[in-house]
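Let me begin by presenting the structure, written as structure tokens, before commenting on it.
Computed over heavy atoms, backbone and side chain alike; hydrogens, waters and symmetry mates excluded.
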Amino acid sequence: MNAPLRKSRPYIFWGQTQSLCETCLKLVPTKIQIQDNEVWYEKRCREHGVQSTLVSTDAAYWRLCKDFIKPGDRPLQFQERTQFGCPYDCGLCPDHEQHSCLALIEITEHCNLTCPVCFAESSPARTKFTPLATVEKMLDALVASEGEPDLVQISGGEPTLHPDFFEILDAVRARPIRHVMINTNGLRIAREKDFVARLAENRRGLEVYLQFDSLQRDALINLRGADLRKIRQQALENLEHYGISTTLVATIKRGVNDAEIGDIVRHALTWTCVRGVTLQPVQDAGRNESFDKNTDRIMLSEIRKRVVETGVFGDKDMIPLPCNPESISIGYGLRNGEKVLPLTSLIPQEQLVAVMPNTISPEKYPMLREKFIDLFSLSSGPLNTSERVCELLCCLPSFQVPDGLTYENVFRVTIVQFLDRFNFCVGNVKRSCIHFVTEQGAIIPFDTYNLFYRNGQIDGIRAALAGHTYRDARQSEEMPR
């Protein structure tokens with residue numbers, strides 16, 4: 001017998017999705033391949049050929065994410081009809097699978113920095129401030145969609161520079177919105193103690209989302225164009241003085257600040273006012289100076305590994321977030337000073353497995369499962385986690401709720417990976433739960449807004465699709481029967 005031997009492919013074909021051509025941004029068929037412990041997209045564009053892109057360095061964790069998928073929550077109303085197909089009908093259209101866990105309201109394009117990395121492309125040269133009346137309409141659109149929105153993030157540009165900033169904060173408070181975050185670079189918070197004192201008057205249900213990319217000068221110059229170490233220090237001192245809940249937010253770029261992830265997490269624990277750290281792999285959107293796919297990209301899986309190496313949270317503690325598991329990883333812990341007791345480590349493994357979605361016997365602990373999902377869901381709001389922790393621990397007969405447990409005793413690390421032309425996946429973007437509210441009252445996922453909608457690229461895409469649809473229909477009518 002001299003029959004030739006068949007050869008196996010050098011990868012596992014996991015499935016198929018639609019991603020974006022990295023050159024023309026058109027939707028293209030995409031193979032999902034697992035090679036050793038890595039996950040790759042192989043894209044095929046008719047015009048620009050085959051493109052292979054790494055999307056995860058931890059295939060085991062990537063597969064685990066599938067076990068955390070749960071049914072999405074529908075918004076109360078949609079703003080668009082489905083016409084061109086995802087991602088060209090935002091938003092939200094009836095084809096979207098998740099409501100707004102976190103909604104961003106951008107109130108200005110103006111900023112007191114010109115960061116080399118800025119998805120909004122803000123700068124001092126941009127002078128637009130959204131009028132208060134328009135902001136109120138944006139908030140009303142969100143309330144109509146959500147009923148009682150869990151979390152609104154006031155953003156920009158630099159939102160604290162808006163002349164009606166506190167009136168906007170009052171407008172949020174006047175609506176049934178549970179919590180509000182201020183997305184800020186911290187310059188005004190560092191320089192104006194009176195401004196921080198006024199923030200403190202509104203601190204219940206309020207958190208400062210403080211840009212904090214590095215403890216090193218060179219990394220700050222690379223990401224922000226300025227050495228902001230003293231600014232960050234003074235901002236934190238003022239927030240600490242007034243007891244304002246704060247999250248440190250770091251944009252992570254390979255070779256620039258990824259080696260500092262552990263230092264940033266440990267630094268956060270030295271401040272009583274800091275409730276957690278959010279780590280965001282750089283998204284290639286907006287202004288992203290000198291970005292190189294081959295040297296600058298970093299993935300959620302790599303950042304998660306760095307977090308685990310800190311020893312604050314272990315491998316079993318940094319779990320996929322159920323509302324959008326492939327894009328968000330989160331760990332909660334009970335904090336005592338600079339020490340953290342990971343919450344997931346408190347739960348016996350057999351009970352932890354039982355409460356996960358899509359397991360063999362979730363009905364065994366129905367109440368525990370419900371409380372667990374409530375806690376590890378972005379839609380629970382990061383500002384009420386002490387209540388969620390109490391409810392979860394009360395479902396565990398072998399654990400007692402610590403006396404006097406408050407939000408100050410909770411510490412979290414969150415990794416949020418936004419989609420761009422490299423890791424875009426139609427399935428993932430349908431589960432997006434972090435959304436922008438536009439001045440026209442549309443609600444658009446963060447990922448697609450920065451890729452297609454912010455600068456109006458969507459108009460050309462829709463026009464092209466409409467033209468193709470018309471021609472296809474004419475051709476179909478003219479075909480012989």
Side-chain angles (χ1 to χ4, degrees), residues 70 72-77 79 92 98-107 132 135-155 159 165-184 198-210 239 242-247 249 273-276 278 321-324 328 330 332 343 370-392 394 405-412 414 416 432-437 441 443 445-446:
K70 72 182 187 74
D73 293 341
R74 293 178 179 174
L76 297 178
Q77 63 178 233
Q79 294 77 39
L92 294 172
Q98 188 60 279
H99 78 121
S100 304
C101 297
L102 186 158
L104 288 96
I105 305 284
E106 288 188 336
I107 63 174
L132 174 60
V135 174
E136 290 187 305
K137 290 179 182 177
M138 296 162 74
L139 292 169
D140 289 338
L142 178 65
V143 170
S145 179
E146 290 290 307
E148 294 185 2
D150 292 292
L151 181 59
V152 165
Q153 193 173 97
I154 299 176
S155 188
F165 173 79
F166 284 103
E167 287 78 7
I168 290 171
L169 193 55
D170 289 341
V172 175
R173 297 294 196 188
R175 289 161 174 81
I177 295 169
R178 294 188 177 97
H179 307 289
V180 59
M181 275 183 164
I182 312 300
N183 190 347
T184 177
R198 193 169 175 188
L199 266 185
E201 295 173 4
N202 297 273
R203 65 186 171 196
R204 182 173 177 81
L206 178 143
E207 188 154 327
V208 169
Y209 207 58
L210 179 66
L239 292 165
Y242 287 101
I244 299 175
S245 294
T246 303
T247 292
V249 189
C273 67
V274 174
R275 309 290 177 244
T278 297
L321 196 71
C323 53
N324 196 4
I328 308 175
I330 193 165
Y332 275 115
L343 182 61
E370 180 182 341
K371 298 302 181 186
F372 188 89
I373 296 302
D374 281 348
L375 175 64
F376 287 90
S377 173
L378 198 64
S379 62
S380 72
L383 305 179
N384 63 351
T385 46
S386 60
E387 300 168 18
R388 302 286 187 180
V389 169
C390 289
E391 292 173 358
L392 175 65
C394 283
L405 177 66
T406 68
Y407 189 36
E408 293 183 8
N409 302 113
V410 176
F411 186 80
R412 68 184 179 275
T414 309
V416 183
S432 170
C433 60
I434 301 176
H435 302 155
F436 282 98
V437 183
I443 299 176
F446 190 104

Least distance between heavy atoms, Gly147 atom then Pro176 atom
O-CG, 3.6 Å
If you round to the nearest 0.5 Å, how far is CD1 of Ile434 from CZ of Phe446?
7.5 Å
Interatomic distance, Leu321 atom CG to Cys433 atom SG [nearest 0.5 angstrom]
6.5 Å
Answer yes or no: are there more than 12 heavy-atom neighbours, outside Arg74 itself, under 6.0 Å from its atom CZ?
no
Interatomic spacing from CE in Met181 to CG in Leu102 - rounded to 0.5 Å:
7.0 Å
Could I get the full list of ring-ring contact (aromatic ring centres under 6.0 Å, His included) partners for Phe411, not counting sequence neighbours?
none
Gln77 to Ala144 - nearest heavy-atom pair and separation
CG-O, 3.6 Å
Listed pairs under 3.5 Å, donor-acceptor, residues 166-174 side chains, sequence neighbours left out:
residue, atom, partner, partner atom, Å
Arg173, NH1, Arg204, O, 2.9
Arg173, NH2, Asn202, O, 2.3
Arg173, NH2, Arg204, O, 2.8

Which atom of Gln98 lies closest to which atom of Asp73, heavy atoms considered:
OE1-N, 2.9 Å
Could you pull out all residues at least two apart from Asn183 that satisfy side chain to side chain donor-acceptor pair (under 3.5 Å)?
Gln153, Ser155
With Gln79, which residues qualify under side chain to side chain donor-acceptor pair (under 3.5 Å), at least two apart?
none
Output, in order, the C-alpha distance, side-chain angles, deciding distance and verdict of side chain to side chain contact (heavy atoms under 4.5 Å, CB included) for Ile443 and Ser145.
CA-CA 9 Å; Ile443 299 176; Ser145 179; 3.6 Å; yes
Is there a side chain to side chain contact (heavy atoms under 4.5 Å, CB included) between His99 and Asp150? Walk through the geometry before answering.
CA-CA 11 Å; His99 78 121; Asp150 292 292; 4.0 Å; yes
Quick one: does any side-chain atom of Glu148 pair with a main-chain N or O of Arg178 as donor and acceptor, under 3.5 Å?
no
Roughly how far apart are Phe436 CZ and Ile105 CD1, rounded to 0.5 Å?
10.0 Å
Just jot down the ring-ring contact (aromatic ring centres under 6.0 Å, His included) partners of Tyr209, sequence neighbours excluded, or say none.
none
Hey, which of Val249, Ile182, Thr247, Leu239 is the one that makes side chain to side chain contact (heavy atoms under 4.5 Å, CB included) with Leu210?
Leu239
Contacts of Glu106 that satisfy salt bridge (charged side-chain N to carboxylate O under 4.0 Å, His left out) - sequence neighbours left out:
Arg454
Can you name the side chain to side chain donor-acceptor pair (under 3.5 Å) partners of Arg198, sequence neighbours left out?
none
Spacing of OG belonging to Ser100 relative to CG belonging to Leu92, to within rounding of 0.5 Å
5.0 Å
To check you understand the geometry: which heavy-atom pair defines the closest contact between Ser432 and His435, and what is its length?
O-NE2, 2.7 Å
Partner set under side chain to side chain donor-acceptor pair (under 3.5 Å) for Thr246, not counting sequence neighbours:
none
Minimum heavy-atom separation for Ile177 and Leu139, please, with both atom names.
CD1-CD2, 4.0 Å
With side chain to side chain contact (heavy atoms under 4.5 Å, CB included) as the criterion, how do Asp140 and Arg175 come out once you've worked through the C-alpha distance, each side chain's angles and the decisive distance to 0.1 Å?
CA-CA 8 Å; Asp140 289 338; Arg175 289 161 174 81; 2.7 Å; yes
SB check Glu207 Arg275 (cutoff 4.0 Å)
no
Here the gap from Cys101 atom SG to Asn324 atom CG, rounded to the nearest 0.5 Å, amounts to 8.5 Å
Going by side chain to side chain contact (heavy atoms under 4.5 Å, CB included), name the residues that satisfy it together with Ala200, two or more places apart in sequence or in a different chain.
Arg203, Tyr242, Ile244
Would you say Pro149 and Val143 make side-chain contact, with heavy atoms under 4.5 Å?
yes
